[in-house]
Amino acid sequence: MYLVANINVEICASKSCKLCTQYCPEANTIQYSETMGTDKGYKYGTAYIAVDRCKGCALCVWVCDTMAKNNAIKMIMIDQLPMAAVTDNIRYEEKTTVAVLSNPMIVIGN
Amino acid sequence: MSLDYVKFSGGFEKFMPKEYRDMVEHGPFGKKISVSQMGSFKEILEEHPMCAGCAMTLFIRLAIIAFPNPEDTITVGTAGCGRLAISQAAIPFVYGNYGDQNGVASGLSRGLRLRFGDKPKDVVVMAGDGGTADIGFQQVLHSWFRKERFTTIMLDNEVYGNTGGQESGMTNRGAVLKMAPLGKKFEKMDMLQMAKVAGCAYVATVVPNNPRRVESVIKKAVLIAREVGSTYIQAYTSCNIEYAIPTDKVMEDAKTVENDRYQFTEYVSEEAKQYLTERYGYKDYLPKAAAPAAAIPTKA
């Protein structure tokens with residue numbers, strides 16, 4: 001098992017600084033979705049991780065904790081994630097993305 | 001070389017991988033995008049085999065987003081870590097022999113001008129500190145003296161990271177590395193000064209802990225290289241493996257190094273300033289203090 005980043009939607013959707021999307025060294029790994037936050041009644045959208053692309057460097061954790069001071073990102077073992085996005089389930093729209101969350105272990109096992 | 005080169009041939013769309021389809025439909029080709037939109041469009045850079053948490057990868061990712069016309073850009077690289085990521089992007093990538101990247105780019109840039117005339121086709125060299133300052137040094141400097149119109153970006157990780165940690169010309173004096181156990185005995189090469197002496201129209205240092213600045217610097221360098229002359233960007237992109245930086249502390253290190261010895265500097269020649277202002281509407285180089293100062297004597 002290995003660690004991947006996990007973003008707390010409640011904190012992220014109330015701040016929406018988008019800093020982590022700009023600092024991740026991997027392309028299209030930290031994505032941004034308007035609906036994932038606003039659908040749950042939060043003010044803004046939220047960032048989320050495409051777990052199949054995350055290499056687990058935790059650079060985003062430092063950015064979120066130290067630069068943004070939001071403490072919304074934690075590293076979690078991939079089999080402990082309740083639900084997560086993978087590249088196959090991410091759809092791009094005009095200025096946002098839409099992700100269908102699923103259990104990452106099931107999708108990776110396919 | 002146009003927007004069409006990424007599009008599907010008729011009937012093949014359903015056979016293409018999702019990532020490719022996303023890039024054609026939601027990629028940045030033919031659009032104006034910026035780093036503030038990151039995470040909401042499909043990037044040109046794809047998955048790559050570079051180490052987790054590598055600052056060089058982050059810089060390459062930002063650089064590719066910053067290209068003013070990615071559909072009209074060719075990247076040129078050489079041996080080194082950087083080419084592992086640059087080659088995984090939907091931009092034509094030319095991989096020269098070690099050190100000849102600026103020679104290849106000179107010919108490429110001239111050939112594109114002959115073929116396409118005034119239509120801008122950008123050539124961007126992205127090579128490591130070894131490829132630029134050591135092994136490719138002669139070709140780099142000569143391309144600058146010839147005022148070849150393309151951008152040279154040095155991905156300065158201050159070590160030969162790909163081959164086990166030998167010292168390079170850009171390593172700091174005294175640095176102890178796996179393959180340089182006695183510490184480097186000479187100073188870090190001053191490539192910025194050399195670029196200015198050789199006549200580069202734009203010279204800048206940048207650290208990737210400021211994405212907007214990286215974007216702005218690369219845009220300016222590529223635009224100036226279209227007509228004015230050679231441009232040079234030196235980017236500090238730490239090697240977290242050879243310098244043993246924990247991956248989650250890579251940006252902290254970048255910040256420390258930026259404050260210590262890699263402050264943002266930018267040199268723009270007068271010709272380049274005029275070009276940016278007149279052609280691309282940059283307001284930064286308009287005479288600011290001169291206007292009110294000139295107004296006072298006329299009133300008096």
Side-chain angles (χ1 to χ4, degrees), chain A residues 2-5 7 12 16-37 44-50 52-68 73-75 85-99, chain B residues 17-19 21-28 31 33-62 64-65 85 88-90 208-215 237-238 240 245-255:
Chain A
Y2 55 97
L3 290 164
V4 289
I7 300 179
C12 187
S16 190
C17 67
K18 297 189 188 176
L19 271 183
C20 55
T21 63
Q22 299 175 14
Y23 281 90
C24 177
E26 303 299 313
N28 288 122
T29 302
I30 304 189
Q31 302 280 58
Y32 188 80
S33 168
E34 289 287 350
T35 51
M36 212 183 277
Y44 304 107
T46 177
Y48 63 97
I49 313 280
D52 53 337
R53 285 170 177 254
C54 179
K55 287 181 180 170
C57 66
L59 203 152
C60 54
V61 177
W62 187 85
V63 168
C64 194
D65 291 356
T66 315
M67 289 178 85
I73 310 181
K74 297 275 174 289
M75 300 306 289
V86 291
T87 304
D88 278 350
N89 296 337
I90 294 169
R91 201 174 73 241
Y92 292 87
E93 297 196 338
E94 190 57 36
K95 283 178 181 169
T96 181
T97 63
V98 176
Chain B
K18 179 184 185 293
E19 288 85 349
R21 275 185 278 125
D22 282 342
M23 199 196 61
V24 173
E25 289 154 15
H26 305 285
K31 296 174 197 161
I33 51 141
S34 76
V35 292
S36 59
Q37 291 159 270
M38 282 166 86
S40 58
F41 63 90
K42 177 74 184 80
E43 290 172 38
I44 296 173
L45 185 65
E46 249 304 320
E47 284 180 286
H48 51 74
M50 288 178 75
C51 307
C54 177
M56 190 186 285
T57 324
L58 172 59
F59 179 83
I60 292 168
R61 182 180 174 222
L62 295 169
I64 288 176
I65 287 170
Q88 304 302 317
N209 69 352
N210 191 337
R212 282 171 197 274
R213 185 180 282 161
V214 173
E215 182 184 32
T237 55
S238 62
N240 54 314
I245 306 163
T247 53
D248 59 337
K249 298 279 188 288
V250 164
M251 280 301 116
E252 193 177 327
D253 165 76
K255 209 173 174 188

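Naming: A, B, ... by sequence-line order, numbering from 1 per chain. Since the model is a prediction, treat every value here as computed from it, not as a measurement.
Side chains of B:E46 and A:R53 form a contact here, defined as non-hydrogen atoms less than 4.5 Å apart. A:T87 is listed as a side-chain neighbour of B:E19, based on a closest heavy-atom distance under 4.5 Å. Within the 4.5 Å cutoff, the side chain of B:S40 has no heavy atoms near those of the A:Y92 side chain.
For the pair B:T247 (side chain) and A:C57 (backbone), a donor-acceptor distance under 3.5 Å is present.
Neither the backbone nor the side chain of A:E34 has a heavy atom closer than 4.5 Å to any heavy atom of chain B. Contact annotation for A:K95: only backbone heavy atoms (N, CA, C, O) come within less than 4.5 Å of a heavy atom of chain B. Both the backbone and the side chain of A:C24 come within contact range of chain B, with heavy atoms under 4.5 Å apart. Both the backbone and the side chain of B:E43 come within contact range of chain A, with heavy atoms under 4.5 Å apart. Neither the backbone nor the side chain of A:M75 comes within less than 4.5 Å of any heavy atom of chain B. Both the backbone and the side chain of A:L59 come within contact range of chain B, judged by heavy atoms closer than 4.5 Å. Using a 4.5 Å cut-off between heavy atoms, B:P17 makes no contact with chain A at all. For B:L62, the part sitting under 4.5 Å from any heavy atom of chain A is the side chain, from C-beta outward, and nothing else.
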